[in-house]
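The structure appears right after this line, and notes come after that.
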Amino acid sequence: MKTLKRGLLTATALLTASALAGGLTSATGAPASTVEADASKRLAEALRQAIVAQDFKDVVDLTPPDLSAAVARSSRTGAAEKYDSTEWGPATRFSTAAAEPRPLHQTPNLDAAVIELDDQGRPVAMADVLLSPQHPQGVVVPLDRRGLSTDKVRYRWWDDTEWDVNGGRGSRDVLAGRENAPIDFSSPYPGSVLKLMVGFGVLRLADQGRVNLDAEYSYQPVTLNPACGGPTAKPVRQYFDAMLTMSDNGSTCALIKMLHDLRAIDAMNASFVELGMPTLMVTGTNPDNGGRWIGSNMSSIDTAKLLLLVNGGPGTLWTTPAGKPVTRDALSAASRALFLRTLGEQGHNEMLSTTNWCGREYPQQGIPQVTPKRWVDPADGTMTVGGAVYDRDVRPCDAAAEVTFAHKTGWVDTTGSDAGIVRSIQGADKRNYVVVVFCNLGTDYVDHHRPADPEGVFPVLYTEKYAALGKAIDGIVAGLR
C-alpha cells in the first residue's frame, strides 16, 4: 500500500504542478491527462479490491426472501413509500426480525465513488466501482475525466422485491437512452443522503433571492404524514440545519413542501441535469406535506460531484456533455460555506466513520474523524443527537483523529449510505477527498456476531463492514492501510 501511496501522490503532484503552470504536460513530459488517467486507474483498482475484501455476503438477512418475508417487506415499506410510517424505527427493528435469520442469499448492490483532490480542492483522480449479483467481484465504471461522468451504466430504479426475487435486476430505467450501456445496475435507494439534493435546492433559491434563510417558514401540511409530523413554524435556516445535522425528517418534509409552494422542484431537478449530474433527482414527492421520497435517485459519482461543488475548488471542476464548464459558482460562496459547515456538524457518525461508538469492540473504527463538539457532553464525552443517545466517551477517538468528515448518512431497512468530504488535520498523513457509498444493506442486514445494544442507547444500524470499508478507503488515499 505504500507503493500505491507513492504512485497516487506522485501522479497528483505532477498533475497539480502542470495545472498550476497552465501546461499540457507533466514534469516528466507525459501529457497531464495521461498522468491523471494512470492515477485514476490505480485508485479505481484499489477501491474495487477494498470493496470485494469486505465479503458483504457474509451478513445475516433478518427478513430472508421467501414468499412470506417478501410479502411482509412489501406491506411494510409499501410500493411507493420508505419514510411514511414511523412504525419501523430502530427501536423496533431487531425485535421484529424473522425468527430464523439467514445468510444473505446474493451479493448486495453497492455503488462507491472516490474523488481525490489537490490542496485547492480540484479533482486529480477519480474512481467509481459497482458491486452487484451480476458483478460479485466488482466492476470499475469507465469515467470521462473531463466530465467526471459515464454513459456506460444503465441505471435502474431501486425496488426491494425485484432485488430479492429477480437476481438483483431492476426493470425501470432511471435515464432514457441507456439501453445499450454495457453495465446494468439497480441504484440503491439513497435514504437520507437525498437531503443533500434538498439542501442544494434550498440554497439555490436563497442565491436567487427567492428564499430568505432567516425568515420563518410556516409548515402547514394539508394531509398528515406520520414521518413528517404536524404544523411547525421556524426559520428556514433552522430547518436546513436539523435536516442535515440530525437527519430530521420533519424538517426535510417542511423544506420539500416549501420547494413545492415555490414551484421549484422541477427547476431543481433540471439544474442537476444542466450541471451534468442527471442521476440526481427528487420526484413524486407529495406537495401536500413534503413526504413520499421514494422517487429519489442518486448515483455515487454524481453525488460526489455535488459535494465537489460544495467543497468549492477554483476553476472548472468538470465540463458537462453539452460543453458547459461547471464551477463552484453554481452556489454562492455564502451558500457553499453554510452547506459545508452544516455537513461538518453531522451528528450521526456511524457508517463509514464510527466515532459515535468510540471504544467499543463492535462496530470497528471507520474513517478516523474528529467528532463535532456540538453534540459532545463536556463532562463525560458522550453524545446526544436530537433524541438519539449514545453512551460512549468520544474524546479518546477525537484525540487520535486524523481527519474531518463533512458528511450525510442515510438508512432505512434496505439502505445504508454515506457521502462526504474528508480533509486531513494538521500533523496527520495528508489526504483530501470526496467519498460516497450507497448500498442496499440497511437495517434488515446485520453481522452474525453483532452484540446486543445497551438498554436506552441508540442502536448500531449497519453492518460494521461499512466502517471497515471507510477505513480501507481512507487508508488507500493516505497510504496508511
Side-chain angles (χ1 to χ4, degrees), residues 71-93 96 157-161 172 189-206 210-213 215-270 272 280-298 386-388 408 410-415 442-443:
V71 171
R73 178 176 290 168
S74 176
S75 64
R76 186 178 63 197
T77 62
E81 306 294 341
K82 277 287 188 183
Y83 287 90
D84 277 8
S85 173
T86 56
E87 177 185 355
W88 292 91
T92 59
R93 271 291 306 113
T96 54
W157 283 98
W158 184 258
D159 183 279
D160 290 343
T161 302
R172 294 190 302 127
Y189 177 65
S192 285
V193 175
L194 69 87
K195 296 167 185 178
L196 293 177
M197 297 188 287
V198 178
F200 175 83
V202 170
L203 293 180
R204 288 271 283 194
L205 292 179
R210 298 181 63 193
V211 166
N212 181 346
L213 296 177
E216 185 177 89
Y217 174 68
S218 180
Y219 173 64
Q220 300 291 329
V222 178
T223 57
L224 289 178
N225 178 306
C228 294
T232 54
K234 302 175 185 177
V236 174
R237 189 184 301 272
Q238 189 172 337
Y239 286 122
F240 180 88
D241 179 88
M243 175 180 71
L244 294 181
T245 64
M246 297 187 291
S247 203
D248 182 68
N249 289 340
S251 294
T252 309
C253 292
L255 292 179
I256 292 175
K257 187 176 187 305
M258 184 186 75
L259 291 171
H260 276 292
D261 294 348
L262 296 171
R263 302 182 186 277
I265 291 284
D266 289 344
M268 178 184 71
N269 289 327
F272 292 135
L280 303 188
M281 61 187 73
V282 180
T283 66
T285 50
N286 188 338
D288 288 346
N289 54 38
R292 196 172 62 217
W293 304 343
I294 193 64
S296 299
N297 187 83
M298 307 176 81
K408 182 72 195 76
W411 64 271
V412 289
D413 52 349
T414 55
T415 292
T443 58

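Just so it is clear, the structure is predicted and the values come from calculations on it, not from any experiment.
Atom CE of Met268 and atom CG of Leu203 lie 12.0 Å apart (nearest 0.5 Å). Here the straight-line distance linking atom OG1 of Thr252 with atom CG of Leu194 works out to 7.5 Å at 0.5 Å rounding. Summarising the geometry, atom OG1 belonging to Thr283 is positioned 10.0 Å from atom CG belonging to Asp266; distances are rounded to the nearest 0.5 Å.
Among residues two or more places apart in sequence or in another chain, the side-chain contact (heavy atoms from CB on, under 4.5 Å) test is passed with Glu216 by Ala233. Residues forming a ring-ring contact (aromatic ring centres under 6.0 Å, His included) with Phe200 (at least two apart in sequence, or on another chain): Phe272. Among residues two or more places apart in sequence or in another chain, the ring-ring contact (aromatic ring centres under 6.0 Å, His included) test is passed with Tyr219 by none. For Asp288, there are no salt bridge (charged side-chain N to carboxylate O under 4.0 Å, His left out) partners, not counting sequence neighbours. Under the rule for a side chain to side chain donor-acceptor pair (under 3.5 Å), the partners of Thr232 that lie at least two apart in sequence or sit in another chain are Tyr239. Qualifying side chain to side chain donor-acceptor pair (under 3.5 Å) partners for Asn297, counting only residues two or more places apart in sequence or in other chains: none. Scored by the salt bridge (charged side-chain N to carboxylate O under 4.0 Å, His left out) test, Arg204 finds no partners at all (sequence neighbours excluded). Among residues two or more places apart in sequence or in another chain, the side-chain contact (heavy atoms from CB on, under 4.5 Å) test is passed with Leu262 by Leu205, Arg210, Val211, Met258, Ala264.
Of all heavy-atom pairs between Val198 and Leu259, the closest is CG1-CD1, 4.2 Å.
Looking only at side-chain heavy atoms (C-beta outward), Asn289 and Val222 stay at 4.5 Å or farther from each other. Trp293 is not listed as a side-chain neighbour of Val282, based on a closest heavy-atom distance of 4.5 Å or more. Within the 4.5 Å cutoff, no side-chain heavy atoms of Leu213 are placed close to those of Phe240. Annotation: side chain of Tyr189 is not in contact with side chain of Thr414 (no heavy-atom distance under 4.5 Å). Leu255 has its side chain within reach of Val236: a pair of non-hydrogen atoms, C-beta onward, lies under 4.5 Å apart.
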Got a list of side-chain donor-acceptor pairs under 3.5 Å for residues 241-248, not counting sequence neighbours?
from: Asp241; atom 1: OD1; to: Arg374; atom 2: NH1; distance (Å): 3.0
from: Asp241; atom 1: OD2; to: Thr245; atom 2: OG1; distance (Å): 3.4
from: Asp241; atom 1: OD2; to: Arg374; atom 2: NH1; distance (Å): 3.4
from: Asp241; atom 1: OD2; to: Arg374; atom 2: NH2; distance (Å): 2.6
from: Thr245; atom 1: OG1; to: Asp241; atom 2: O; distance (Å): 2.8
from: Ser247; atom 1: OG; to: Ser192; atom 2: OG; distance (Å): 3.2
from: Ser247; atom 1: OG; to: Lys195; atom 2: NZ; distance (Å): 2.9
from: Ser247; atom 1: OG; to: Lys408; atom 2: NZ; distance (Å): 2.9
from: Asp248; atom 1: OD2; to: Ser251; atom 2: N; distance (Å): 2.7
from: Asp248; atom 1: OD2; to: Ser251; atom 2: OG; distance (Å): 2.7

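Exactly one residue among Lys257, His260, Arg292 makes a side-chain hydrogen bond (donor to acceptor under 3.5 Å, both in side chains) with Thr285. That residue is His260.
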- Could you walk me through whether Thr223 and Asn286 pass side chain to side chain contact (heavy atoms under 4.5 Å, CB included), step by step? CA-CA 9 Å; Thr223 57; Asn286 188 338; 4.1 Å; yes

